[in-house]
Amino acid sequence: MEEKKKRVFSAIQPSGTITLGNYLGALKNWKFMQDEFDCIFALADLHTITVRQEPATFRKNIYDAYASLLACGIDPEKSPFFIQSHVTTHAQLAWVLNCYTQFGELSRMTQFKDKSAKHADNVNAGLFTYPALMAADILLYQADMVPVGADQKQHLELSRNIAERFNGIYGNVFKVPEPYIASKGASVKSLQDPTKKMSKSDENLNGCIMLNDSPDIIMKKFKRAVTDSDSKIVYAEGKDGINNLMGIYSTITGKSFEDIEAEFEGKGYGDFKTAVGEAVVEELRPIQERFVKYSADKAYMQECYSKSAEFAQKISQRTLDKAMKKIGFVPHA
Ligand code: ATP
Ligand code: LTN
């Protein structure tokens with residue numbers, strides 16, 4: 001008998017233009033996982049309003065993110081790819097899980113601490129309870145595995161704790177998900193401050209490669225990348241800038257750090273930055289071409305996200321109903 005494929009769930013926020021960090025840390029893996037696993041993907045737009053959004057920009061970011069993911073190789077025929085706010089169960093289960101998540105646990109989330117420092121004028125309750133919504137996203141689909149970049153590991157750990165706590169009270173309702181964090185590309189750093197992660201919402205645009213940056217801009221950003229006063233291309237402690245460039249180059253070319261060190265022995269930082277920039281330009285070229293095609297076809301995108309939402313609603317409703325029934329709510333039908 002054919003073995004049942006493992007279920008994979010992941011999501012990304014439409015909070016700005018997709019970055020090279022998102023691509024190498026998450027999306028590239030999603031693409032390859034589609035054949036081996038039973039994948040479901042989402043745009044986590046409900047998460048995005050934890051930071052205030054300008055309506056027209058937000059709407060454009062949602063369309064652009066959807067087109068970008070199609071361009072990165074997400075195929076909704078193989079893997080349903082929906083918009084979170086179109087599937088009503090997410091907000092519903094999130095409320096329920098909020099009541100099984102402790103204030104202390106949420107207070108320890110480093111993303112909450114970072115984002116509340118960054119948006120000190122809007123430390124809203126949604127920003128705080130964000131991980132309960134993320135747990136709902138994952139648990140609704142009984143996901144076995146969740147591919148994310150290293151920055152989401154703590155949230156996933158919390159999702160597991162919430163699932164185990166709930167199951168401990170009511171029996172087996174939720175599958176306890178495993179994180180899937182590929183070692184390569186798991187954490188791409190800012191080109192301007194290699195101690196910080198590359199992030200869509202970074203104000204310093206030079207630190208961040210956007211998926212739709214022109215070849216010219218990409219080369220300029222790499223040439224300006226912060227390195228160190230040494231001149232050797234080796235992976236070593238204290239060389240955050242070079243380590244980051246090596247990580248990017250290695251993830252794209254598949255070369256090991258030793259191979260890269262050998263390739264650039266005796267060469268300068270300038271040569272290395274050019275090589276990394278060129279590798280990125282070539283990696284992104286076909287994605288950029290497809291992005292233009294998908295963005296111009298809103299009807300196709302609509303067909304994809306509507307069908308995917310219908311499927312997601314059906315699957316997730318079963319889990320929500322089961323959880324509500326176990327708690328003691330009266331079924332409505
Ligand atoms: P924001 O700036 O709004 O926080 P973000 O760029 O951090 O956004 P998310 O939408 O939070 O991106 O993350 C989408 C996926 O990309 C997640 O799986 C996350 O782990 C991954 N990711 C984000 N930034 C990086 C990075 N710098 N390196 C590797 N993976 C990353
Ligand atoms: N919080 C994640 C995005 C996200 C997610 C999810 C990732 C929302 N729901 C469920 C994996 C599974 C982020 O900011 N990267």
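Counting starts at 1 for both ligands and their atoms, following the listed order. These numbers come from the heavy atoms of this one structure, side chains and all, not from hydrogens, waters or symmetry mates. These figures come from a predicted structure and were not determined experimentally.
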Strictly below 4.0 Å, N to O, side chains only: are [X] and [Y] in salt-bridge contact?
{"X": "Glu263", "Y": "Lys255", "answer": "yes"}
{"X": "Asp144", "Y": "Arg7", "answer": "no"}
{"X": "Asp213", "Y": "Lys221", "answer": "yes"}

For the residue pair Tyr235 and Glu258, confirm or rule out a side-chain donor-acceptor distance under 3.5 Å.
no
Tyr305 and Tyr300: side-chain donor and acceptor closer than 3.5 Å?
no
Under a 4.0 angstrom heavy-atom cut-off, which atoms of ligand 1 come close to Ser187?
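So the atoms of ligand 1 that pass are 28 (N), 29 (C).
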Per-atom contacts of ligand 1 with Ala26, taking only distances under 4.0 Å to non-hydrogen atoms:
15 (C), 16 (O), 18 (O)
Please determine if [X] has a nitrogen or oxygen closer than 3.5 Å to a nitrogen or oxygen of ligand 1.
{"X": "Thr19", "answer": "no"}
{"X": "Gly21", "answer": "yes"}
{"X": "Gly149", "answer": "yes"}
{"X": "Ser15", "answer": "yes"}
{"X": "Gln152", "answer": "no"}
{"X": "Val148", "answer": "no"}

Heavy atoms under 4.0 Å from ligand 2: which residues qualify?
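Within the 4.0 Å shell of ligand 2, which is judged on heavy atoms, sit Phe9, Ser10, Ala11, Gln13, Ala44, His47, Tyr130, Met134, Asp137, Ile138, Val146, Val148, Gln152.
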Using heavy-atom distances only, which candidate in Leu24, Val188, Asp114, Val146 approaches atom 28 (N) of ligand 1 most closely?
Val188
With sequence neighbours excluded, what pairs up with Ala163 under the side chain to side chain contact (heavy atoms under 4.5 Å, CB included) test?
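Partners of Ala163 under the side chain to side chain contact (heavy atoms under 4.5 Å, CB included) test: Leu139, Phe174, Val176.
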Mind checking whether Arg59 and Gln53 have side chains closer than 4.5 Å, heavy atoms only?
no
Under the criterion salt bridge (charged side-chain N to carboxylate O under 4.0 Å, His left out), I'd like the reasoning laid out for Glu282 against Arg285: C-alpha separation, chi angles, the key distance, then a yes or no.
CA-CA 5 Å; Glu282 287 318 313; Arg285 193 187 300 281; 2.7 Å; yes
Could you tell me the separation between the CD1 atom of Ile217 and the CE atom of Met210, rounded to the nearest 0.5 Å?
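If we round to the nearest 0.5 Å, Ile217:CD1 and Met210:CE are 11.0 Å apart.
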Assign the ring pair Tyr249 / Phe272 to parallel, tilted or perpendicular, where the plane angle (0 to 90°) is split at 30° and 60°.
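Geometry flag for Phe272 against Tyr249: perpendicular rings.
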